[in-house]
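One structure is given below, encoded as structure tokens.
The chain is numbered in sequence order, starting from 1. Each ligand, and each atom within it, is numbered from 1 in the order the structure gives.
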Amino acid sequence: MSNPDHPPAVGVLDQGPELIFPPGFLWGAATAAYQIEGAATEGGRTPSIWDTFSHTEGRVVAGHTGDVACDHYHRMPSDVRLMAELGLKSYRFSVSWPRVQPGGSGPANTEGLDFYRRLVDELLGHGIEPWLTLYHWDLPQPLEDAGGWPARDTAGRFADYAELVADALGDRVTYWTTLNEPWCSAFLGYGSGVHAPGRSDGADAVRAGHHLMLGHGLAVQALRASRPQAQLGITVNLYPVTPASDAPADVDAARRIDALANRFFLDPVLRGSYPTDLAADLREVTDFGHVRDGDLAVISTPLDLVGVNYYSRHVVAAPVEGAEPEPYWRAPSCWPGSEDVRFVTRGVPVTDMNWEIDAPGLTETLRRVHEEYTDLPLYVTENGSAFVDAVIDGQVDDVDRLAYFDAHLRAAHEAISAGVPLRGYFAWSLMDNFEWAWGYTKRFGMVWVDYDSQARIPKSSARWYAEVIRRNGLAAQ
Ligand code: FCB
């Protein structure tokens, strides 16, 4: 055992040194409202696009919905006790917009806000730092009916909602992130349509991406005005994009996908401009006429931190004649202007999502954000893996997930050693939950959830993570 204040000198341990993280490193776990809360029609909550989508036949595997999910709405106090038992320093959750502002406009719903007041109080009472995400994909359905994120007005509605949540929780929540993964909201929601609201139009996806970022900027301004002490940021999902070969056509394919996946969001938010190559790639999709004077200044309103979600790497190549289009996030409709780029499978180990396991990609991603974009503190706001788990004699021995976390934490530590101001890490996810279009068929949790009884069983990875947190680092390898 080591004392985090006094890491062992390099070389004194037979198997190499322990990897100790900086003092105060924020160890957490993450969830999202629609994925865990349930209570879809209780306490004044109205439908979001995910309620409509999941109740539409053929959209979610096996017709699963978030109606009950992990029943967290009713089990919140015991779930927070579980977090405390694991020693979490922070818990990242999202607020359900239609729970606190039914319909997405007008007055707050006190009953909905009270749930989050109680949650935050429970967390603080257990010494757990609340980390609040305002938007994890559950747009109130009436706002979608009025045009959704492709409509400019939605950005303003989001800022109003942010203000309403700040009024209720701003006295006790320090860390705020506006959006979770705007790429997914825009390109899975309005491009390929595999996520709610299930629309498929390249120009709409690009407009949605812009208005999401505009909403982010307006919300940051509103939060800053009402809560000057708050730490404000955004969470983006980033991928290293690697060409399959040095051939110029493959290198160009990587440039295109990097523009759509990463720079589409990083450049406006952190530099106040869209990448010029992106506009050129998209010229047949949109003329960016939806971007108004002043928008980019709002979008690039200064932040206090950046959240990075990391799962995998994209390896891409130029198109070949007759290649089959691939499903899901590789669907051509996710990549307007680059529909013919091929995603290459390298044959390395994958998770149950079929996502390639690539821990060095986390180091690379964090270094890139720091070295190319910003000196702001960074946080890994999600990282984790789905694997097929089994309960045997009341235990879930999820060795693959544990190894995934271990490898990625080593990669995070390497980024810190390279000078990245990484201040925290949130495992995705605290518990198994509703994995969007995959319903309950994919398990990402450190805690097993029995969806019939709602029993929770901490898996081996949860016990291991508790030990990582306790020693503020990893054992020697
Ligand atoms: C991310 C989402 C999160 C979860 C993980 C697996 O894209 O933010 O809600 O579904 O993927």
**Q.** Heteroatom proximity flag, Trp428 to ligand 1, N/O under 3.5 Å
**A.** no

**Q.** Interatomic spacing from CZ in Arg81 to CD in Glu122 - rounded to 0.5 Å
**A.** 7.5 Å

Q. Going by the atom numbers of ligand 1, which of them fall below 4.0 Å from some non-hydrogen atom of Trp436?
A. 3 (C), 4 (C), 9 (O), 10 (O)

**Q.** Cationic tip of Arg99 above Tyr73 ring, under 6.0 Å, 45° of axis
**A.** yes

Q: Measure the distance from atom 7 (O) of ligand 1 to every protein heavy atom, then report the residue, atom name and distance (to 0.1 Å) of the closest one.
A: Glu181 OE1, 2.5 Å

Q: Could you find the nearest protein heavy atom to atom 5 (C) of ligand 1 and give me its residue, atom name and distance?
A: Tyr311 OH, 3.3 Å

Q.
Can you tell whether the side chains of Asp153 and Arg157 come within less than 4.0 Å, N to carboxylate O?
A. yes

Q. Got the closest protein heavy atom to atom 3 (C) of ligand 1, with its distance?
A. Glu382 OE1, 3.4 Å

Q: Measure from NZ or CZ of Arg456 to the centre of the six-membered ring of Trp448 and say whether it is under 6.0 Å with the direction within 45° of the ring axis.
A: no

Q | Cationic N near anionic O, under 4.0 Å, Asp406 to Arg410 | A | yes

Q: Output the list of atoms in ligand 1 that are nearer than 4.0 Å to some heavy atom of Glu435, sorted by atom number.
A: 4 (C), 6 (C), 10 (O)

**Q.** Sub-4.0 Å heavy-atom contact, His136 with ligand 1
**A.** yes

Q) Is ligand 1 under 4.0 Å from a heavy atom in the side chain of Asn237, in the backbone, in both, or in neither? A) neither

Q. Does Arg271 come within less than 4.0 Å of Asp267, counting only side-chain N to carboxylate O?
A. yes

Q | Numbered atoms of ligand 1 (with element) below 4.0 Å of Asn180, judged on heavy atoms | A | 8 (O)

Q: May I ask you to check whether Tyr311 and Glu382 show a side-chain donor-acceptor distance below 3.5 Å?
A: yes

Q) Near Phe444, which atoms of ligand 1 are under 4.0 Å from a heavy atom of that residue? A) 6 (C)

